[in-house]
Amino acid sequence: MSEIKSVAVIGAGTMGNGIAQSCAMAGISVALVDTQEGFLQRGMDTVKTSLARFVKSQKLTQEASDAVFARIKAGTSLKDAVADVDMVIEVVPEIIDLKQKIFRQIDEAAKPGTIMATNTSQLSITAIASAVSRPEDVIGTHFFNPAVLMKLVEVICGIKTSERTLRMALELTRQLGKEAAVCKRDTVGFITTRAAVALRLECIRMYEEGVASIEDIDRAMRLGFNYPMGPLELNDFNGLDVGLNNALSLRDAYGERFAPPQSLTARVKAGMLGRKAGAGWYDYSGEKPKATK
Ligand SMILES: NC(=O)c1ccc[n+]([C@@H]2O[C@H](COP(=O)([O-])OP(=O)(O)OC[C@H]3O[C@@H](n4cnc5c(N)ncnc54)[C@H](O)[C@@H]3O)[C@@H](O)[C@H]2O)c1
């Protein structure tokens, strides 16, 4: 099977710059695209900082780090970036209309056979693929944050995704030194978001029922199951607004078992969105995070 030698990454934000760096570290040439020079600069600065950490911990030499950085070419033209690559990975915000618009642009500019992947966390791959003339080339490659360090790529097939496209997505995962979990049916929340939200909502319900404190629920899950973070700490890390949106789309798909508990909705209404807002399930204003009421 042919290797992936070049990719275009569309979107240089939290996930995009990490995916670009992962590809460049695997020797793949990367064209990184965003709408403004400033966004590209921020993405490239994040890559530079991350590479410096690899050098400091002696996981990369300075020379290798410079070569990785040089392998990423940043630019604002999607058309130029996707024209001659083996694979395009779309990493723009989780808005279906925006993703479909980007996929139409990729479809117009990319050569035949280019794999078109999306990093969506839960949107339907089939719906995104409906925007293009070659849905057999579209697939979900869901990376995790931080993309450079996290080993999993959840690979999701749309209804029309071809075997070749699946093989190429698995090949990319292999080249990056990551592991794939394949979601065979394109269903809302795939494997990871559906399972993680179910667990989190049950933890929130236990807190609301007075079964245990926020800290004890997180401690139980961390120490009892070897999770690096408890479900509520993790929700603070990823954003309560993101978690609420996930729950709402899962409720639309699977019914009331995914209904968001009121203590989650109330926190989002109050702007308590997690770490990025200074408070969520925990308050981060003091020396140590303290559970909120
Ligand atoms: N943040 C996470 O933890 C995480 C984890 C897994 C998956 N995801 C998914 O990854 C995707 C991106 O999330 P993110 O957190 O990186 O978002 P982000 O907001 O950090 O980055 C998105 C980037 O896309 C750029 N962009 C917007 N419109 C564009 C366009 N027309 N052309 C090119 N670039 C454009 C933005 O300027 C921004 O830099 C979403 O689908 C999200 O659900 C996020």
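Every number for a ligand or one of its atoms is a count from 1 in the order of the listing. None of the values given here were measured: they were computed from a predicted structure. All residue numbers in this chain count up from 1 along the given sequence.
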Per-atom filter on ligand 1: closer than 4.0 angstrom to a heavy atom of N145 are 3 (O)
Point to revise | Min N/O separation E94 to ligand 1 under 3.5 Å | key: yes
Looking only at protein heavy atoms, what sits closest to atom 30 (C) of ligand 1 is T35 CG2, 3.4 Å
the protein heavy atom lying closest to atom 8 (N) of ligand 1 turns out to be S121 OG, 3.4 Å
Note: ligand 1 atoms sitting under 4.0 Å from heavy atoms of V92 are 11 (C), 12 (C), 24 (O), 26 (N), 29 (C), 34 (N), 35 (C), 40 (C), 41 (O)
min-distance protein heavy atom vs atom 6 (C) of ligand 1 -> F143 O, 3.2 Å
Can you list the steps and then say if M44 with L32 is a side-chain contact (heavy atoms from CB on, under 4.5 Å)? CA-CA 9 Å; M44 292 304 283; L32 181 61; 3.9 Å; yes
Note to self: Checking side-chain polar atoms at under 3.5 Å, does S249 have a donor or acceptor matched by the opposite partner on Q122?
What the structure shows: yes
| said: Please determine whether any non-hydrogen atom of F39 lies less than 4.0 Å from an atom of ligand 1. | reply: yes
(message) Is it the case that the side chain of E90 and the backbone of V92 share a donor-acceptor pair, with hydrogens and angles ignored and the cut-off at 3.5 Å?
(response) yes
Practice item. Classify the side-chain pair S133/D107 by whether it contains a donor and acceptor separated by less than 3.5 Å. Key: yes
min-distance protein heavy atom vs atom 31 (N) of ligand 1 -> I102 CD1, 3.3 Å
Note: ligand 1 atoms sitting under 4.0 Å from heavy atoms of M15 are 1 (N), 2 (C), 4 (C), 5 (C), 6 (C), 8 (N), 10 (O), 16 (O), 44 (C)
CD1 of I89 to CD1 of I115, rounded to nearest 0.5 Å, is 11.0 Å
The protein heavy atom nearest to atom 21 (O) of ligand 1 is G13 CA, 3.3 Å
Query raised in the report: Is the backbone of M116 close enough, under 3.5 Å, to the side chain of D137 for a donor and an acceptor to pair up by distance?
Result: no
Original post:
Purely on distance, is any nitrogen or oxygen of R42 under 3.5 Å from one on ligand 1?
Top reply: no
Candidates N246, N119, T14; heavy atom nearest atom 10 (O) of ligand 1 found on N119
Would you check the N or O atoms of K99, main chain and side chain alike, for any that come under 3.5 Å of an N or O of ligand 1?
yes
- [ ] Mind running side-chain contact (heavy atoms from CB on, under 4.5 Å) on L248 and F258 for me, showing each step along the way?
- [x] CA-CA 7 Å; L248 290 172; F258 281 102; over 6 Å; no
Atom 39 (O) of ligand 1: of N17, D34, I96, L123, the nearest heavy atom sits on D34
| query | Have D218 and Y282 got a donor and an acceptor in their side chains that come within less than 3.5 Å? | reply | yes
Notebook entry, point to check: Does a donor on one side chain sit under 3.5 Å from an acceptor on the other, for T161 and E136?
Noted result: no
### Message
Quick check: I10 and ligand 1, any N/O pair under 3.5 Å apart?
### Response
no
